[in-house]
Protein chains: 2
Amino acid sequence: MRSKNMPDGRKSSGRKKSTFIEEARRRQIVRSAITTIAGAGLAQASLARIADEVGISKSVISYHFDGRDELIEEIVTALLAESNRFIRSRVEQESGCPAKLRAYVEASFAFMAGHRDNFVAMVDIWGSFGTAEAKRAFNATAYDPCRRHIESILRKGQQDGDFRDFTPRTLAATIQGAIDGVMLQWVFDEAAVDLAECAAELTAMFDLATRNPAGPDPVTGDGR
Amino acid sequence: MRSKNMPDGRKSSGRKKSTFIEEARRRQIVRSAITTIAGAGLAQASLARIADEVGISKSVISYHFDGRDELIEEIVTALLAESNRFIRSRVEQESGCPAKLRAYVEASFAFMAGHRDNFVAMVDIWGSFGTAEAKRAFNATAYDPCRRHIESILRKGQQDGDFRDFTPRTLAATIQGAIDGVMLQWVFDEAAVDLAECAAELTAMFDLATRNPAGPDPVTGDGR
DNA sequence: CTAAATGTAGGCCATGCGGTCGAAAAACAT
DNA sequence: ATGTTTTTCGACCGCATGGCCTACATTTAG
């Protein structure tokens, strides 16, 4: 059983008894919950309904999770982790910051295209961070790292002489913003935007916006 | 009294008896509801809580609105109308498509900065469109017009020879996406992004991305 | 084989919700 | 003043939800 009212204040941090079936069930529940949320909205995704989707009893969820809140928290974590893992692997395969930046954008859109439910659910969940504090916390633990990743690419590119002189932090926010903004429209209506075209437009635009007019410094970068 | 169960199927379409106090109350309720939603989240913004914020009884809301759904609908309408009116007026003051485009972006950010609650509430509400159909409807009636506006500017600019050759629809989606994406980060954490800097970065980027390398055709456009 | 643990089911409950109702109050017309 | 209409109030209802509890099933350990 998952730890609930342990003497210490710690919540479900005890991942000790990770029975195979335990973790499997958790993943299964998280998966079905994402599907349910994406299909019916977070508000309609009650424990009963999620349980229905999985084909189990409601209390099974209560057994494996400390409550609805923890389930949603885990969903968020899972969604972000899955996306980030994919993007980072793609970026790392490239050498040279311009290529890495392009890979970041393209990977973001590629992952979207194949995991629509993830993002529909994500947008639904975004609206559930009631307090400003919760919003800030989410931003700090989940959103900011993405910007930092871009920022590091940009900064490195500047050092290499591939990129012109700009404020890495601001441009990183702008780039991530553009990606998420297009994603948002696509979540509202799949047919409203063409992901591939937007991706192409964005990569071209960011290339233009970051390129160093003086050309690169050392070896990397051919100014393609 | 607002029409509720009129013989005909029409809902609250009878805006006939727009008593001064009636419309005043509605605006008041909408305002307070936005504040409540922005402060506590849509889920926590129950009729009781909103009524508390206004300082009236719960049933007053039920009296002036046909239900919670209609209230939220009106909130969405009000939020978008307010924002669009501001942006459009700014755009129309400019002559020349490059200037209009810049005005669109700058006005978007300027309005944000002065109406944070509006956007926090908006993001919360975004997550409440349960079904895919509701999402599509929102996109069609509220979101798409914004893109169309940008699109018309871009298309006109191409005709004038101020802009290069691109797909107006796609670039419009990209521009609106970039604005909303940055807005989203700012909603999560006010301190996470610098709106003014992002606005500057975006205007510069879009200018670069739209400019016609061959220069303008007729009179308008100085290639500043 | 048996006993302890782990996992599951279904019913139960307190809570808070949106919405309704009739009476009271306020605004208005005459 | 008086009657009429518009607006407000507080109590109330039915309902869905998240969480809890007890009993039952299944797996694991000795």
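Scanning atom types as modelled, one donor and one acceptor separated by under 3.5 angstrom connect the side chain of Ser57(A) and the base of dG10(C). For dG19(C), the base has a donor-acceptor partner in the side chain of Lys58(B) [N/O atoms by modelled type, under 3.5 angstrom]. Judged by distance alone with a 3.5 Å cut-off, no donor-acceptor contact links the side chain of Ser59(A) to the base of dG19(D).
The interatomic distance linking Leu47(B) (CG) with dC17(C) (P) rounds to 9 Å, in whole Å. Here dT17(D) presents its P atom at 16 Å from CD of Gln44(B), a figure rounded to the nearest Å. In this structure, Phe65(B) places its CZ atom 15 Å from P of dT20(C), rounding to the nearest Å. If you take CG of Asp69(B) and P of dC17(C), they are 16 Å apart, rounded to a whole angstrom. Between the NE2 atom of His64(A) and the P atom of dG7(C) there is a distance of 6 Å, rounded to whole Å. Distance CD (Glu70(B)) to C1' (dG19(C)): 14 Å, rounded to an integer number of Å. Per the geometry, OH belonging to Tyr63(A) stands 19 Å off C1' belonging to dG18(D), to the nearest Å. Computed from coordinates, the Arg49(A) CZ to dA16(D) C1' distance equals 13 Å when rounded to whole Å.
If you check dT20(C), dT7(D), dT17(D) against the side chain of Ser62(B), the one that comes closest is dT20(C). In this structure, of dG18(C), dG7(C), dG18(D), it is dG18(C) that holds the atom nearest to the side chain of Ser46(B).
Both the sub-6.0 Å distance and the 45° axial angle are satisfied by Arg26(A) relative to the ring of Phe65(A).
Summarising the geometry, atom CZ belonging to Arg147(A) is positioned 9.0 Å from atom CD1 belonging to Ile150(A); distances are rounded to the nearest 0.5 Å.
With respect to the salt-bridge test (charged N to carboxylate O, under 4.0 angstrom), the residues Glu92(A) and Arg88(A) do not qualify. By the 4.0 Å N-to-carboxylate-O rule, Glu82(A) lies too far from Arg27(A) to be salt-bridged with it. Between Arg102(A) and Glu106(A) no salt bridge is recorded (no basic side-chain N to carboxylate O distance below 4.0 Å).
A side-chain N or O of Gln28(B) and one of Arg25(B) form a donor-acceptor pair less than 3.5 Å apart.
Counting only residues at least two apart or on different chains, the ring-ring contact (aromatic ring centres under 6.0 Å, His included) pairs with a member in residues 69-95 of chain B are Phe86(B)-Phe111(B).
The 5' end of DNA chain D is approached more closely, in terms of each residue's nearest nucleotide, by Val60(B) than by the other of Val60(B) and Arg68(A).
Close to dT8(C), at under 4.0 Å from its OP1 or OP2, lies a side-chain N or O of Arg25(A).
Listed by residue number, the members of residues 28-38 of chain B with any heavy atom below 4.0 angstrom from DNA chain C form an empty set.
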